[in-house]
Undergrad: 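Structure below; questions to follow.
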Amino acid sequence: AKVVKIMDFGAFCELEPGLTTLLHSSELSWTKKNVSAKKMFKIGDEIECVITEIDKDKRRVAISHRLTQENPFETFEKKFPINTIVEGEIVNKNEYSLFVKIEDLDVDAFLHCNDLTYSSNGEEELAKYKKSEKIKVKVLEIKPSEQKIRVGLRQTQPDPFEWFKDKSKNQTITVKVMSTDNKGLIVRPEGCDMDFQIKKSAIAINAADARPSRWTGGEKLDCAIAELDLEKRKVSLSIKLLEEIEKKEALEKYGSEGSGKNLPFSSLSEDLKKKEEDKE
């Protein structure tokens, strides 16, 4: 096809004398968005195109220049299937993600900040990376039709969340207090490399005891798993829940033995009394 006119939205090409059609800018390149035909061609150039549509009724022919070249996203998929770990170079970044070039392929893989690390805030982790830096990533998703490749860095490392795979809701675990603030405690389960928050409201049954300042950091304590969703990677921990579980067990065990004054819950004697009254 011979380029006869160049516009902002593409180029008009002559297929033969008297038959001219538009080569739209979206059909110029696989990878460049909003590419300008003026930067690729000049009037009089003869270029290769693929005919993609012929509509005799509407007297229209559609052509594509990018289809004369192999789709680099399909090339990438053949060379680096999903789950492949490969080294790439950071070629760009924004406030939420990195763009990684792998080998000499003319495509950039997308790496969201949430896929940088398991243990800390993704946006904070993102600030540590700079353009031209080399990183090893794992291919997570390839969609040639959508011109999309997604990769992850944390997926190249052991997942500390695996620590919870044999745990269950309401189970008691031991944690170490890493830090405290007015919102609650930051704790780390023994043998796990992830930190979790115990909210102030989940510290104690008695509101007067729900003070994060009771700990300074470094102490070990027991708590219960209040919520566990391995698929969504969601865990919530509660000291209050453990107290409630232990209180219920004590109530069931000592319910027929009297006042319960020597048990470790200040309100248990009242609960026992109420239990006896309910029986009556």
Undergrad: Say whether Phe110 and Val86 are linked into one hydrophobic cluster, either directly or through other cluster members, by side-chain heavy-atom distances under 4.5 angstrom.
TA: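 Looking at the clustering, Val86 is in a separate group from Phe110.
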Undergrad: Per the side-chain hydrogen bond (donor to acceptor under 3.5 Å, both in side chains) rule, what does the pair list look like for residues 4-25, sequence neighbours excluded?
TA: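 Listed once each, the pairs are His24-Ser26.
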Undergrad: In the structure I gave you, are the side-chain heavy atoms of Tyr118 and Asp193 within less than 4.5 Å of one another anywhere?
TA: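 Counting from C-beta outward, Tyr118 and Asp193 never come under 4.5 Å.
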Undergrad: Ion pair present between Glu219 and Lys176, side-chain N to carboxylate O less than 4.0 angstrom?
TA: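 Here Glu219 does not pair with Lys176 in a salt bridge, since their nearest N and O are not under 4.0 Å apart.
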Undergrad: Set out, in order, the CA-CA distance, both residues' side-chain angles and the distance that settles salt bridge (Lys or Arg N to Asp or Glu O under 4.0 Å) for Lys247 and Glu244, then state yes or no.
TA: CA-CA 5 Å; Lys247 185 174 181 178; Glu244 289 171 344; over 6 Å; no
Undergrad: Restricting to non-hydrogen atoms, name the atom on Cys49 and the atom on Ile63 that form the minimum distance, rounded to 0.1 Å.
TA: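 That closest heavy-atom pairing would be SG-CD1, 3.9 Å.
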Undergrad: Could you tell me whether Glu125 and Lys128 have a side-chain N and a carboxylate O separated by less than 4.0 Å?
TA: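 Here Glu125 pairs with Lys128 in a salt bridge, since their nearest N and O are under 4.0 Å apart.
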Undergrad: Dump the intermediate steps for side-chain contact (heavy atoms from CB on, under 4.5 Å) on Phe80 and Leu105, then the final yes or no.
TA: CA-CA 11 Å; Phe80 306 110; Leu105 295 175; 3.9 Å; yes
Undergrad: Once salt bridge (Lys or Arg N to Asp or Glu O under 4.0 Å) is applied, do any residues pair with Asp159, and if so which ones, sequence neighbours excluded?
TA: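 Asp159: salt bridge (Lys or Arg N to Asp or Glu O under 4.0 Å) contacts with Arg233.
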Undergrad: Would you say that Leu126 contacts Leu116 through its side chain, given a criterion of any heavy-atom pair below 4.5 Å between the two side chains?
TA: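 Contact flag for Leu126/Leu116 side chains = yes.
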Undergrad: Nearest 0.5 Å, what's the NZ-CD1 distance between Lys2 and Ile43?
TA: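 Reported to 0.5 Å precision, the distance equals 10.5 Å.
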Undergrad: How far apart are the closest heavy atoms of Cys192 and Pro160, and which atoms are they?
TA: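 Shortest heavy-atom separation between Cys192 and Pro160 comes out as SG-O, 3.8 Å.
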Undergrad: State, to 0.1 Å, how close Asp195 and Arg188 come at their nearest heavy-atom pair, and which atoms those are.
TA: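 The answer is OD1-NE, 2.6 Å.
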Undergrad: Kindly say whether Asp57 contributes a backbone atom to a donor-acceptor pair with the side chain of Asp55 at under 3.5 angstrom?
TA: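 The answer is yes, because a donor-acceptor pair under 3.5 Å joins these two groups.
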Undergrad: If you group Ile, Leu, Val, Met, Phe, Trp and Tyr by side-chain heavy-atom gaps below 4.5 Å, do Leu111 and Val91 land in one group?
TA: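 No, no single cluster joins them.
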Undergrad: Can you tell me if Lys101 has over 12 outside heavy atoms packed within less than 6.0 Å of its NZ?
TA: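 Result for NZ/Lys101: enclosed.
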Undergrad: Under a 4.0 Å threshold between the charged nitrogen and the carboxylate oxygen, would Glu133 count as salt-bridged to Lys130?
TA: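 Glu133 and Lys130: not salt-bridged.
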Undergrad: Run through the side-chain heavy atoms of Ile, Leu, Val, Met, Phe, Trp and Tyr, join any pair under 4.5 Å, and report what else lands in Leu228's cluster.
TA: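 In the cluster with Leu228 are Phe161, Trp163, Phe164, Ile173, Val175, Val177, Leu185, Val187, Met194, Phe196, Ile198, Ile203, Trp215, Leu221, Ile225, Leu230, Val235, Leu237, Ile239.
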Undergrad: Could you check Thr172 against Asp222 for side-chain hydrogen bond (donor to acceptor under 3.5 Å, both in side chains), going step by step and ending with a plain yes or no?
TA: CA-CA 7 Å; Thr172 301; Asp222 288 343; over 6 Å; no
Undergrad: Rounded to the nearest 0.5 Å, what separates atom NZ in Lys138 from atom OG1 in Thr84?
TA: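 Result: 9.0 Å between the selected atoms.
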Undergrad: Any side-chain to backbone donor/acceptor pair from Thr117 onto Gly122? Under 3.5 Å, distance only.
TA: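 A pair under 3.5 Å: no.
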Undergrad: Should Glu190 and Lys220 count as an ion pair when the cut-off is N to O under 4.0 Å?
TA: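 Looking at Glu190 and Lys220, the cut-off is met.
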Undergrad: With a 3.5 Å distance limit and no angle check, can you tell me whether His65 reaches the backbone of Glu48 through a side-chain donor-acceptor pair?
TA: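 The answer is yes, because a donor-acceptor pair under 3.5 Å joins these two groups.
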Undergrad: Quick check: closest heavy atoms across Ile102 and Ala109, and the distance to 0.1 Å?
TA: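 Residues Ile102 and Ala109, closest heavy atoms: CD1-CB, 4.5 Å.
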Undergrad: Give a yes or no on whether a salt bridge exists between Lys79 and Glu103, defined as a side-chain N under 4.0 angstrom from a carboxylate O.
TA: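 Judged by the 4.0 Å cut-off on N to carboxylate O distance, Lys79 and Glu103 do form a salt bridge.
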Undergrad: Is there a donor-acceptor contact under 3.5 Å from the side chain of Arg150 to the main chain of Ile142?
TA: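 No.
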Undergrad: Are the side chain of Lys167 and the backbone N or O of Gln171 linked by a donor-acceptor pair below 3.5 Å?
TA: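 Such a contact is absent between Lys167 side chain and Gln171 backbone.
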Undergrad: Is there a donor-acceptor contact under 3.5 Å from the side chain of Lys93 to the main chain of Tyr129?
TA: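 At least one qualifying donor-acceptor pair exists.
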Undergrad: Leu241 versus Asn170: any side-chain heavy-atom pair under 4.5 Å?
TA: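 Yes, at least one pair of side-chain atoms sits under 4.5 Å.
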Undergrad: Can a donor-acceptor pair be found, under 3.5 Å and without considering hydrogens, that links the side chain of Glu53 to the backbone of Ala62?
TA: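 Not a single qualifying donor-acceptor pair exists.
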Undergrad: Would you say Leu153 and Leu140 are hydrophobically clustered, going by side-chain heavy atoms of ILVMFWY under 4.5 Å?
TA: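 Cluster IDs for Leu153 and Leu140 differ.
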Undergrad: How long is the straight-line distance from CD of Glu246 back to CD of Glu243, given to the nearest 0.5 Å?
TA: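 So the gap between those two atoms works out to 7.5 Å.
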Undergrad: Taking atom CG of Leu23 and atom OG1 of Thr52, what is their separation to the nearest 0.5 Å?
TA: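 Leu23 CG to Thr52 OG1: 9.5 Å, rounded to 0.5 Å.
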Undergrad: Are Cys13 and Ile47 side-chain neighbours, meaning at least one heavy-atom pair lies under 4.5 Å?
TA: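 The answer is yes, as the side chains (C-beta and beyond) meet within the 4.5 Å cut-off.
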Undergrad: Are Leu22 and Val4 in one and the same hydrophobic cluster, where Ile, Leu, Val, Met, Phe, Trp and Tyr link if side-chain heavy atoms are under 4.5 Å apart?
TA: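 Both belong to a single hydrophobic cluster.
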Undergrad: Compare all side-chain heavy atoms of Phe41 with those of Leu28 and state whether any distance is below 4.5 angstrom.
TA: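 They are in contact (side-chain heavy atoms under 4.5 Å apart), so the answer is yes.
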Undergrad: Tell me the closest heavy-atom pair linking Ser238 and Cys223, and the distance in Å.
TA: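 Residues Ser238 and Cys223, closest heavy atoms: O-CB, 3.6 Å.
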Undergrad: Please check if the side chain of Glu74 supplies one atom and the backbone of Asn71 the other of a donor-acceptor pair under 3.5 Å.
TA: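 Looks like no, no N/O pair under 3.5 Å.
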Undergrad: Are any non-hydrogen side-chain atoms of Pro144 and Glu77 less than 4.5 angstrom apart?
TA: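 Yes - at least one pair of side-chain heavy atoms lies under 4.5 Å apart.
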Undergrad: Tell me the closest heavy-atom pair linking Pro72 and Val107, and the distance in Å.
TA: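 Taking Pro72 first and Val107 second, the nearest heavy atoms are CB-CG1, 3.6 Å.
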Undergrad: With distance as the sole criterion, is a donor-acceptor pair present between the side chains of Ser64 and Glu27 under 3.5 Å?
TA: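 Present: a donor and an acceptor within the cut-off.
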Undergrad: Check whether any side-chain heavy atom of Asn83 sits under 4.5 Å from a side-chain heavy atom of Val139, and report yes or no.
TA: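 No, too far: nothing below the 4.5 Å cut-off.
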Undergrad: So how far is it from Ile135 CD1 to Thr156 OG1, rounded to the nearest 0.5 Å?
TA: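 Interatomic distance, Ile135 CD1 to Thr156 OG1, rounded to 0.5 Å: 9.0 Å.
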Undergrad: Answer yes or no: is there a side-chain heavy-atom contact under 4.5 Å between His112 and Tyr96?
TA: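 Result yes, sub-4.5 Å side-chain heavy-atom pair found.
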Undergrad: For the CG atom of Leu242 and the CD1 atom of Ile205, what is their distance to the nearest 0.5 Å?
TA: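 Answer rounded to 0.5 Å: 9.0 Å.
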Undergrad: Please say yes or no: joined through hydrophobic side-chain contacts below 4.5 Å, possibly via intermediate residues, are Val100 and Ile82 part of one cluster?
TA: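 Per the 4.5 Å side-chain linkage, Val100 and Ile82 are co-clustered.
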Undergrad: Please walk me through it: do Phe99 and Asn94 pass side-chain contact (heavy atoms from CB on, under 4.5 Å)?
TA: CA-CA 9 Å; Phe99 295 90; Asn94 59 28; 3.8 Å; yes
Undergrad: Using a strict cut-off of less than 4.0 Å between a Lys/Arg side-chain nitrogen and an Asp/Glu carboxylate oxygen, indicate whether Lys234 and Glu227 qualify as a salt bridge.
TA: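 Salt bridge flag = yes for Glu227 with Lys234.
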Undergrad: So Ile85 and Val137, side-chain contact (heavy atoms from CB on, under 4.5 Å) or not? Walk me through it.
TA: CA-CA 6 Å; Ile85 294 176; Val137 295; over 6 Å; no
